[in-house]
Structure formats: C-alpha cells, structure tokens
Amino acid sequence: MYAITLQAMTSDEARTCIAEINKNLRNTRNLLLELYEREGWKALGYASWRECVTAEFKQHQSYLYRQLEAAKTEKNILPILENSPIDEIPESHLRPLSSLPLSDRRDAYQKALATA
C-alpha cells in the first residue's frame, strides 16, 4: 500500500476553497427551485418530483424537500429584501415561515427582522 502525502493548503487556497463551497451551497437551493418549478423532472422522464429526487440525489429526500420549501418561502418574501438572491437566508430561519400560509410569510418575516 502506498501512502499519499498531501501538501497543506496555503491561506489563499483555503479562502478560495471556502468561497467556492459557499457559492455552491448558496446556488444549490436556487437550482433546486428551478428544477422543480420548470418541471425538469418531467424532462428526465420521471412521473413525479419525488421519483426524481429519490433517483437522482444522494442527499436524504427530506433534506431536499426542506431546501425546496425554503426556496419557495424565500422567493415569496424576496420583494421586501430588495433583490436579494435566493439562498441568502439560512434555511433554518425560513423553516418556521414555511408553516404559515403564503400570504402571511412576508409580514411574519418583516416582524422577525424588526425584532431581531
């Protein structure tokens, strides 16, 4: 068996790596919403969104559903955020809003911002 010695990252390499990870994590929710809204799962021949998620993604199905619901919620409250891109609000902050009717989510988020 051969031992592979990895060279430690430089500070610049580490910052670049973190920036790429953050960029990809933020973009994921937006891409997931696009695949759902534009029915990309149908284009791939799946009978349902659930079938696509189960077959195509390695993450647990419930995780992807939480991300999709967060994207829908964020899209709904975006006008009050003055053109902030989807994926700027942590999913854990959006989760409580997802249980509210769509029409109440903006007001609830505005109140949360005002009290934070």
Side-chain angles (χ1 to χ4, degrees):
M1 187 183 286
Y2 297 98
I4 298 174
T5 305
L6 296 175
Q7 186 176 12
M9 283 185 165
T10 66
S11 175
D12 287 343
E13 289 171 327
R15 288 283 169 219
T16 300
C17 185
I18 288 170
E20 284 297 310
I21 290 168
N22 281 328
K23 181 175 81 175
N24 288 315
L25 289 175
R26 280 192 299 269
N27 196 35
T28 300
R29 196 184 313 153
N30 191 42
L31 292 171
L32 190 63
L33 181 62
E34 183 177 11
L35 183 68
Y36 174 80
E37 287 184 337
R38 296 185 56 210
E39 299 181 334
W41 49 274
K42 283 184 180 179
L44 295 174
Y46 292 106
S48 69
W49 169 250
R50 182 177 302 277
E51 185 181 329
C52 176
V53 169
T54 304
E56 296 290 338
F57 298 103
K58 292 179 178 42
Q59 290 92 345
H60 194 270
Q61 199 178 74
S62 64
Y63 170 78
L64 291 172
Y65 273 90
R66 281 195 312 270
Q67 294 303 315
L68 177 60
E69 194 58 37
K72 289 178 184 178
T73 299
E74 194 168 11
K75 182 179 178 182
N76 179 253
I77 65 174
L78 278 178
I80 65 168
L81 298 177
E82 300 175 11
N83 299 321
S84 294
I86 289 178
D87 291 326
E88 291 298 313
I89 303 170
E91 182 271 333
S92 60
H93 295 184
L94 294 166
R95 196 176 311 149
L97 297 173
S98 298
S99 63
L100 299 173
L102 231 93
S103 58
D104 296 338
R105 292 178 186 182
R106 276 191 202 157
D107 289 339
Y109 191 72
Q110 284 178 324
K111 288 176 186 173
L113 286 176
T115 60

**Report entry** Straight-line distance of K72 NZ to L32 CG, nearest 0.5 Å
**Finding:** 9.5 Å

Query - Backbone N/O of V53 and side chain of Q61: donor-acceptor pair under 3.5 Å - result: no

Query raised in the report: Is there side-chain contact between L33 and K75, with heavy atoms separated by less than 4.5 Å?
Result: yes

Report task. Kindly indicate whether the side chain of E56, heavy atoms from C-beta on, has any atom under 4.5 Å from the side chain of L64. Result -> no

Report task. Return the minimal non-hydrogen interatomic distance between C52 and Y46, and the atom names on each side. Result -> CB-CD1, 3.6 Å

Only pairs under 3.5 Å count here: list side-chain donor-acceptor contacts from residues 11-19, not counting sequence neighbours, and write none if there are none.
from : atom 1 : to  : atom 2 : distance (Å)
E13  : OE1    : T10 : N      : 2.8
E13  : OE1    : T10 : OG1    : 3.4
T16  : OG1    : D12 : O      : 2.9

**Report entry** For E51 against S48, the heavy-atom pair lying closest together
**Finding:** N-OG, 3.0 Å

Query - Pairwise distance CH2(W49) to CG(L35) - rounded to 0.5 angstrom - result: 4.5 Å

Requested in this report: Any chance you could lay out the side chain to side chain contact (heavy atoms under 4.5 Å, CB included) test for I77 and I89, step after step, and finish with the verdict?
Outcome: CA-CA 10 Å; I77 65 174; I89 303 170; 3.7 Å; yes

Query raised in the report: Rounded to the nearest 0.5 Å, what separation is found between the CG atom of L94 and the CZ atom of R66?
Result: 12.5 Å

Query raised in the report: Is L100 reachable from L113 through a run of hydrophobic residues whose side-chain heavy atoms are each under 4.5 Å from the next?
Result: yes

Report task. First locate atom OG1 of T28, then atom CD of E91, and finally report the distance between them rounded to the nearest 0.5 Å. Result -> 13.0 Å

Query raised in the report: In this structure, are over 12 heavy atoms from other groups packed under 6.0 Å from Y36 atom OH?
Result: no

Query raised in the report: Once you round to the nearest 0.5 Å, how far does CD of Q67 lie from OG of S62?
Result: 10.5 Å

Query raised in the report: Under a single-linkage definition using a 4.5 Å side-chain heavy-atom cutoff for Ile, Leu, Val, Met, Phe, Trp and Tyr, are L102 and L97 assigned to the same hydrophobic cluster?
Result: no

Query raised in the report: Sub-3.5 Å donor-acceptor pair from the side chain of R95 to the main-chain atoms of A70, do we have one?
Result: no

Query raised in the report: Can you check whether W41 reaches R50 side chain to side chain, under 4.5 Å on heavy atoms?
Result: no

